[in-house]
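Owing to the predicted nature of the structure, the values given are computational and were not obtained by experimental measurement.
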Amino acid sequence: MPFSSFPSEEAFADIFNKTFLSEDPYFFGIWDKEHSKVLGTLALMRNDRQNGVIEVGYVIYSQQLKKSIQATEAQYLLAKYVFEILGYRRYEWKCDSLNEPSKLAAQRLGFEYEGTFRQAVVYKNRNRDTSWFSMLDCEWERNKKRLEKWLSPGNFDQDGKQLLSLNDLK
């Protein structure tokens, strides 16, 4: 991420206008209707329409959103948009190879691990290896069914606890 925090409202406005209003990456807010506030963002980026390839990135979740039904639903809706509306054939997820939560999330959502690009970038004054994951259009229908089954109200008890995990549904 090109930012980690904002020292002032003006600094946030500057980043917002340069980054969040761009077309690539193209940002989405994750809105909590109950509390009328944004809980996170994600973006479609590295848009290669000619080859039908796009990447999800800039996944920023508030503490409220992390490990929530809404976080999974947001990822499901974005994948559905990528495959069913935009008609892409390849959907990518890349992350720092040291970011275990991101790697586990990608696999939980149905992305397949493809490998690690060693010393792909210099990040925070260190070499960063990048783990690559993808989901293909031919895999979408299976993943869509898994996600919809997991997201269905019948998969949660009255306290909102899942009965089956996404990994159980593989």
Side-chain angles (χ1 to χ4, degrees), residues 1-6 9 12 15-16 19-22 24-47 54-86 88 90-114 123-124 128 130-137 139-170:
M1 307 266 180
F3 49 82
S4 58
S5 64
F6 307 101
E9 194 172 313
F12 172 78
I15 291 290
F16 183 87
T19 305
F20 293 109
L21 297 178
S22 71
D24 192 354
Y26 185 74
F27 282 86
F28 296 86
I30 302 170
W31 182 254
D32 179 355
K33 289 192 315 190
E34 184 179 335
H35 298 100
S36 296
K37 64 181 180 178
V38 175
L39 296 180
T41 68
L42 32 69
L44 291 175
M45 55 193 277
R46 301 184 195 278
N47 186 356
I54 202 161
E55 176 182 346
V56 61
Y58 289 95
V59 178
I60 304 169
Y61 288 171
S62 66
Q63 286 306 116
Q64 275 182 284
L65 192 58
K66 289 179 180 177
K67 297 187 177 184
S68 71
I69 297 167
Q70 293 86 352
T72 300
E73 182 180 27
Q75 291 288 348
Y76 159 75
L77 290 170
L78 193 61
K80 185 174 181 175
Y81 179 67
V82 163
F83 290 115
E84 297 181 15
I85 304 300
L86 297 178
Y88 281 79
R90 179 180 168 85
Y91 187 35
E92 298 176 337
W93 179 300
K94 299 173 193 140
C95 62
D96 188 320
S97 66
L98 300 178
N99 188 341
E100 287 301 317
S102 184
K103 289 164 44 175
L104 290 171
Q107 292 174 315
R108 178 182 165 273
L109 292 165
F111 288 84
E112 297 290 331
Y113 175 71
E114 294 185 323
Y123 174 74
K124 295 186 179 179
R128 177 188 130 159
T130 300
S131 295
W132 282 54
F133 299 84
S134 71
M135 187 184 304
L136 305 179
D137 54 356
E139 299 163 342
W140 170 238
E141 204 55 43
R142 175 178 42 89
N143 282 314
K144 177 182 174 181
K145 287 178 183 169
R146 276 181 58 244
L147 288 159
E148 287 175 347
K149 187 171 185 175
W150 186 85
L151 288 165
S152 72
N155 188 42
F156 298 91
D157 66 17
Q158 67 265 17
D159 297 322
K161 185 176 183 210
Q162 69 181 353
L163 303 177
L164 292 171
S165 74
L166 260 176
N167 289 328
D168 291 336
L169 297 171
K170 279 194 174 185

Quiz prompt | From CZ (Arg142) to CD (Glu139), nearest 0.5 Å | solution = 5.5 Å
Exercise. Please tell me if the side chains of Asn143 and Leu109 come closer than 4.5 Å, counting only heavy atoms from C-beta onward.
Key: no
Quiz item: Could you go step by step and tell me if Thr72 and Gln75 meet the side-chain contact (heavy atoms from CB on, under 4.5 Å) rule?
Solution: CA-CA 5 Å; Thr72 300; Gln75 291 288 348; 5.8 Å; no
Self-check item: Atom pair CZ/CG of Phe156 and Leu164 - distance to nearest 0.5 Å
Solution: 9.5 Å
Quiz item: Should we say atom NZ of Lys149 is surrounded by more than 12 heavy atoms from elsewhere, each under 6.0 Å from it?
Solution: no
Self-check item: Donor-acceptor side-chain pairing of Ser165 and Arg108 below 3.5 angstrom
Solution: no
Practice problem: Provide the closest heavy-atom pair for Ile69 versus Gly160 in the form atom of the first, atom of the second, distance. | Solution: CD1-O, 4.2 Å
Quiz item: How long is the gap from OH on Tyr123 to OG1 on Thr130, to the nearest 0.5 Å?
Solution: 10.5 Å
Quiz item: Between Asp24 and Asn47, what is the shortest heavy-atom contact and its length?
Solution: OD2-N, 3.1 Å
Exercise. Check the pair Gln70 / Leu39 against side-chain contact (heavy atoms from CB on, under 4.5 Å), numbers first and verdict last.
Key: CA-CA 9 Å; Gln70 293 86 352; Leu39 296 180; 5.7 Å; no
Practice problem: List in chain and number order the residues that pass salt bridge (Lys or Arg N to Asp or Glu O under 4.0 Å) with Arg46, two or more places apart in sequence or in another chain; answer none if no residue qualifies. | Solution: Glu55
Exercise. Run the numbers on Asp168 and Trp150 for side-chain contact (heavy atoms from CB on, under 4.5 Å), then give the verdict.
Key: CA-CA 9 Å; Asp168 291 336; Trp150 186 85; over 6 Å; no
Quiz item: Residues in ring-ring contact (aromatic ring centres under 6.0 Å, His included) with Phe111, at least two apart?
Solution: Tyr91, Trp93
Which donor-acceptor pairs under 3.5 Å do the side chains of residues 78-86 make with protein atoms, sequence neighbours left out?
| unit_1 | atom_1 | unit_2 | atom_2 | d |
| --- | --- | --- | --- | --- |
| Glu84 | OE2 | Trp140 | NE1 | 2.8 |
| Glu84 | OE2 | Lys144 | NZ | 2.9 |

Quiz prompt | Non-hydrogen atoms of Leu65 and Ala71 that approach each other most closely | solution = O-CB, 3.4 Å
Self-check item: Spacing of CG belonging to Leu169 relative to NZ belonging to Lys145, to within rounding of 0.5 Å
Solution: 13.5 Å
Quiz prompt | Distance-minimising heavy-atom pair for His35 and Asp32 | solution = ND1-OD2, 2.8 Å
Quiz prompt | Salt bridge Glu114-Arg90, side-chain N to carboxylate O under 4.0 Å | solution = yes
Quiz item: What pair of heavy atoms forms the shortest contact from Asp159 to Asp157, and how long is it?
Solution: N-OD1, 2.9 Å
Quiz item: Which value, rounded to the nearest 0.5 Å, describes the distance between Trp31 atom CH2 and Ser36 atom OG?
Solution: 5.0 Å
Self-check item: Exercise: identify the closest heavy-atom pair between Cys95 and Lys103
Solution: SG-CG, 3.4 Å
Quiz item: What distance separates Gln63 CD from Ser68 OG, expressed to the nearest 0.5 Å?
Solution: 11.0 Å
